[in-house]
Amino acid sequence: MDFWGTVLVLFRRWYVVLPTFVLSLVAAAAIYSTVPTTYTSSAVLILTTPTTGGSLPTNPRMPNGLTNPMLNFDRGLSISASILIAAMGTPDMAVEMGAVEGGDTAFKVNNGSSNIESLATGPYVFIEGESSTPEAAKDIVVRVIARTKLELVNRQEAVKAPKATYISAYEAVPPTEPLAQRGRKLRAVAAAAGVGVIASLFMAFTVESFVTTRRRRREEAAKGTPGPVSTPPSDASELKQLNGRLPAGTPVPRP
């Protein structure tokens with residue numbers, strides 16, 4: 001059926017389409033009210049080297065020159081950032097932070113991209129927390145920042161790096177104010193509305209098919225009804241009328 005044929009069916013069966021579509025809107029409103037609103041907060045850490053650089057001078061009397069940490073980004077910082085991202089993204093770390101699967105609170109740690117192959121792209125650690133309340137969303141980001149800094153210290157202690165050369169994590173973007181995320185609610189409403197449209201079309205064409213089939217059966221039954229059957233005359237008046245129409249000498253049948 002073409003487009004205009006479909007529109008004609010919808011208009012002709014409006015008494016079916018309209019209630020079905022209204023019910024779908026009611027269901028969409030109910031879904032919107034039941035799906036919880038989540039809140040997200042984010043932060044960005046930058047790994048920096050100390051002002052004296054990443055190595056100790058061989059001669060204590062000739063210390064290394066002071067360098068601006070914001071101008072001293074090398075490949076080693078990118079590797080360190082990727083190590084932290086990998087460590088903070090393990091299931092054990094999620095359990096330690098209280099972000100269990102299926103819970104209200106969750107967090108993500110990455111380098112600003114979901115591509116795992118491009119972790120070592122810079123000394124950046126992006127942190128995002130999500131929860132059912134604004135307070136919990138910001139709290140998980142604060143706790144993940146503290147745990148990331150502790151992990152950075154533990155990793156450097158594990159390789160016995162001189163403390164004077166320790167990398168530090170600078171909060172380039174502190175935890176932001178939580179923002180309401182209604183994308184999940186809107187997707188649920190869109191799905192309910194789509195189901196309502198499909199249900200309206202289905203009901204309209206179902207009723208149209210039923211009515212058309214019943215009309216066709218009535219027309220076929222009307223065409224197959226036999227006409228009136230003639231019966232022989234049974235009384236004297238009919239015999240007289242019949243005798244008047246017959247030629248002379250023709251015997252008239254008697255009942």
Side-chain angles (χ1 to χ4, degrees), residues 1-44 85-86 88-91 93-95 97-119 121 124-145 173-213:
M1 182 175 292
D2 58 7
F3 173 76
W4 292 112
T6 302
V7 173
L8 182 61
V9 171
L10 295 178
F11 273 102
R12 188 161 53 239
R13 307 303 171 191
W14 65 269
Y15 53 87
V16 176
V17 175
L18 186 59
T20 306
F21 188 69
V22 170
L23 288 177
S24 68
L25 292 181
V26 173
I31 292 174
Y32 186 85
S33 62
T34 56
V35 175
T37 300
T38 59
Y39 298 85
T40 59
S41 178
S42 59
V44 180
I85 292 171
M88 296 301 297
T90 61
M93 185 64 68
V95 174
M97 302 303 300
V100 295
E101 185 176 357
D104 295 335
T105 303
F107 71 91
K108 293 186 295 184
V109 180
N110 53 42
N111 67 336
S113 172
S114 59
N115 186 4
I116 193 66
E117 296 179 356
S118 61
L119 282 179
T121 56
Y124 313 109
V125 179
F126 290 78
I127 300 171
E128 181 179 279
E130 181 178 5
S131 188
S132 56
T133 62
E135 296 78 10
K138 192 171 184 177
D139 177 69
I140 186 65
V141 174
V142 172
R143 290 192 288 116
V144 170
I145 289 175
V173 179
T176 60
E177 289 299 321
L179 296 176
Q181 303 294 322
R182 295 184 174 86
R184 187 183 305 174
K185 296 168 70 75
L186 295 178
R187 286 192 295 269
V189 170
V195 172
V197 171
I198 296 174
S200 300
L201 291 172
F202 175 78
M203 292 299 297
F205 280 97
T206 299
V207 173
E208 179 72 13
S209 176
F210 174 76
V211 173
T212 302
T213 302

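The side-chain heavy atoms of M203 and R13, taken from C-beta on, include no pair separated by under 4.5 Å. Using a 4.5 Å cut-off on side-chain heavy atoms (C-beta onward), S42 and V173 make no contact. Within the 4.5 Å cutoff, side-chain heavy atoms of V144 are placed close to those of M88. With a 4.5 Å cut-off on side-chain heavy atoms, N111 and I85 count as touching. You'll find the side chain of S41 reaches within 4.5 Å of the side chain of P175, heavy atoms only. The shortest side-chain heavy-atom distance between P91 and V95 does not fall under the 4.5 Å cut-off. Looking only at side-chain heavy atoms (C-beta outward), F107 and V141 stay at 4.5 Å or farther from each other. A heavy-atom distance below 4.5 Å is found between the side chains of V197 and F21.
The side-chain contact (heavy atoms from CB on, under 4.5 Å) check on V100 picks up nothing, with sequence neighbours excluded.
Looking at T206, its side chain does come within 3.5 Å of a backbone N or O of F202 through a donor-acceptor pair.
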Please determine whether side chain to side chain contact (heavy atoms under 4.5 Å, CB included) holds for the pair I127 and V44, giving the CA-CA distance in whole Å, both sets of side-chain angles, and the decisive distance to 0.1 Å.
CA-CA 6 Å; I127 300 171; V44 180; over 6 Å; no

Test side chain to side chain contact (heavy atoms under 4.5 Å, CB included) on V9 and F205 and set out the steps.
CA-CA 7 Å; V9 171; F205 280 97; 4.2 Å; yes

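In terms of heavy-atom proximity, S24 sits nearest to A192 at CB-O, 4.4 Å. Here the closest non-hydrogen pair linking A86 and T90 is O-CG2, 3.4 Å. Shown here for V16 and A204, the closest heavy-atom pair between the two residues is CG1-N, 4.1 Å. Nearest heavy-atom pair, A137 versus S131, reported as atom, atom and distance to 0.1 Å: N-CB, 3.6 Å.
Within 6.0 Å of CZ in F11 there are 12 or fewer heavy atoms belonging to other residues, nucleotides or ligands.
One finds the OH atom of Y39 at 15.0 Å from the NZ atom of K138 (value rounded to the nearest 0.5 Å). Atoms CD1 and CD, from I140 and E128 in turn, are 12.0 Å apart once rounded to the nearest 0.5 Å.
In the model, S200 has no side-chain atom that pairs as donor or acceptor with a side-chain atom of T20 under 3.5 Å. Under the 3.5 Å distance criterion, with hydrogens and angles disregarded, no donor-acceptor pair is assigned to the side chains of T40 and E130.
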